[in-house]
Amino acid sequence: MKIKSELSKIIEQALKSANIQADEIVISDATKPEFGDYQFNGIMRLAKELKRNPREIASEVVEHIDTTGMVSKVEVAGPGFINIWLNNEWLAEVTTEILEDKRVGVGFVEEPKRVVVDYSGPNMAKQMHVGHLRSTIIGDTLATLLEFLGDEVIRQNHIGDWGTQFGMLIAYLEEQNTDGNTQELKDLEQFYKDAKVRFDQSEAFANKAREYVVKIQSGDEHCLELWQSFINASLGHCEEVYEKLGVNLTRDDVRAESFYNDQLPQIIERLKEKNISTTSNGAECVFLEGDENPIIVQKSDGGFLYATTDLAALYFRANVLQAKRICYVVDARQAQHFKQVFTIAKMAGLVGEDVSLEHIGFGTMMDKGGKPFKTRDGGVIKLVDLLDEAVVRAKDAIKDRDVHSDEELDAVAKAIGIGAVKYADLSISRESNYIFNWDKMLSFEGNTSLYMQYAYARIQSILRKHNAEVSGEIIIGDEIEHRLAVMLLKFEDTLIKASIEATPHTITSYLYDLVTLFMKFYELNPILKEDIKEDIKMSRLQLSILTGAVIKKGLEILGIEVVEKI
RNA sequence: GCACUCAUAGCUCAGCUGGAUAGAGCAACGGUUUGCGGUACCGUAGGUCAGGGGUUCGAAUCCCUUUGAGUGUACCA
């Protein structure tokens, strides 16, 4: 339910009836329960423009508000706030209706857009490490969210498969194969290290590697074949990680750097034509106002750089894929790069003015000491290892609960462990760095996935215990049920906000508030006790079912599974 | 040097398109139980929102400035 926009309409109508002009009406959540459910704070500003007393205007507006439907009560408070209470009968009716709705009351965006979400972007020469985690899960959440709200999402996995190190890697791969050593590259990290050792030791090998770089780029069939087999194997490793993470990225979403290779000269031509770039010290450069250094788009030796590839990708996404919104889920440290590339793309007309280009930046993952997250000996932590450890730790956290068979325990541990890692990441506002802490993320307390999953499991337990059909309407019987119903209906506004700002943590905060409220409701209002009247019992069961459905849908958007028992 | 980001309770974090007495969790202390799953719930305590100035009826939020931390800065991605 788009509550805020409904309330805006009501206020707009009231203002009109009171003969007051206002451009934009912003409804906010009430800051406290005693101030109602929502509030409108715009009167003070209007009063200033009209040079009138704000309380006086507010009283006039309030008189014109219809309190027979959605709204039950409005009040003028403080200097001129308008506090709004939602009607219990209305809440009961709407929540009962959405019990039947698979989308739990969430509609679609009014104007669906085609959106490109660029995320994950692993480097094919290296194992995925923790640095890729944030891009992968924030991007995946954003894609899922936009899709759910009705946008047409095109996922793009811009993998790094081009560059000088590939000459070395395929030369080494060829050597391994001809030695009859057909074992596939199990450990990319090790393979890279071994190739590097060979490269440093043997001059002949090093020369071959350099030769291969040129050969791949000029389209030599043998080299391309080797290169392709290397990329395939490497991509296979990434897919294992995606599988573990439960991330929806497939080979169809891969559009590698190499894909844009042919188009790079045209990009340079275009920049030259439009007099955007100039030659400086032999390199083709774009000098932007406010930047002391240029953006180099072509090296003095004729080679291209990542800015060039990104420009080609922007052109492709805006013109071939026809996206109206392009989101780059990439480390915040690349903010300057994207700002520059976006500016150049618009200047050169590679991307239309109506296309929204967004760098969805995120902070770095830190250890407890606030230093970038590394292994004890200073190495990079492999993502696979991190995820496996999460599952082991999750199993340890729940093994004494004695509600699972051995097979169940493994599946539940997986849902909890992976969920914990994802939730911990998604629940921090994405731009800030965050401190990685196993104990905190696997706690039943606080804003963690486990707390949400536990609440969900408790709801399922109630339903199992009831073990009969649940029917009938939701009745709002007290303050806590009123607040719970309002919270349940806030789900759509929450998702809309999260989709516009690309902030998954908006969703986690909401879920946490919802679950906290549900726990209070559950403590206060017995459901299955014998002396509870049938219609009240049914209503409370329905509220529980709806809460469970919203938790499940919310976690699903975050890519986290629920379990029936914990 | 220049540019950008950040600074909120002991710790980890929300709140930032200006609105009422700045909120959570953890840790500390106290309470609730013949419990529909107590790894739950309730309460107490804890704040010069880094310092200073400005704009405003109103500032954690906007502007300026100082300090501190981090990041980026011509041929890697």
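Chain A is the first sequence line, chain B the second, and so forth, proteins listed ahead of strands; every chain is numbered from 1. Just so you know, these numbers come straight off a predicted model, no measurement behind them.
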The residue, A:K399 or A:R430, whose nearest nucleotide of RNA chain B is more 5′ is A:R430
Note: for A:G78 and A:I398 on RNA chain B, the residue whose nearest nucleotide lies more 5' is A:G78
When rounded to the nearest Å, what value does the distance between C1' atoms of B:C41 and B:U33 take?
11 Å
Among [options], which nucleotide sits nearest the side chain of [X]?
X      : options             : result
A:K48  : B:A14, B:C57, B:U12 : B:C57
A:K440 : B:C36, B:U12, B:G19 : B:U12
A:K32  : B:C13, B:G19, B:G23 : B:G23
A:F81  : B:G19, B:C13, B:U12 : B:G19
A:K465 : B:A20, B:A40, B:C36 : B:C36
A:M44  : B:A40, B:C41, B:C57 : B:C57
A:Y454 : B:G38, B:C36, B:U12 : B:G38

For A:Y456, all residues meeting ring pair (Phe, Tyr, Trp, His ring centres under 6.0 Å), sequence neighbours excluded
none
For A:Y522 and B:C36, do the ring centres fall under 5.5 Å apart while the planes stay under 30° apart?
yes
Separation between CD (A:E358) and CD1 (A:I326), nearest 0.5 Å, reads 10.0 Å
Pairing of A:K529 and A:D531 as salt bridge, 4.0 angstrom limit
no
Contact list for residues 498-525 of chain A, test salt bridge (charged side-chain N to carboxylate O under 4.0 Å, His left out), sequence neighbours left out
A:K497-A:E501
Tell me whether the OP1 or OP2 atom of B:G38 has a side-chain N or O from A:R458 closer than 4.0 Å.
yes
When the aromatic ring centroids of A:Y260 and A:H158 are compared, is their separation below 6.0 Å?
yes
Tell me whether the centres of the aromatic rings in A:F40 and A:F81 are closer together than 6.0 Å.
no
Spacing of [X] atom [atom1] relative to [N] atom [atom2], expressed in whole Å:
X      : N     : atom1 : atom2 : result
A:K368 : B:C26 : NZ    : P     : 17 Å
A:M452 : B:A24 : CE    : P     : 15 Å
A:D291 : B:C2  : CG    : C1'   : 10 Å

Watson-Crick or G-U wobble mate for B:G72, both contacts under 3.5 Å:
B:C2
Any chance you could list the contact pattern along nucleotides 71-77 of chain B? Use B for base contacts, S for sugar-phosphate-only contacts and - for none, protein heavy atoms under 4.0 Å, 5' to 3'.
SSBBBSB
Below 4.5 Å, heavy atoms only, C-beta onward: do A:F518 and A:L543 meet side chain to side chain?
no
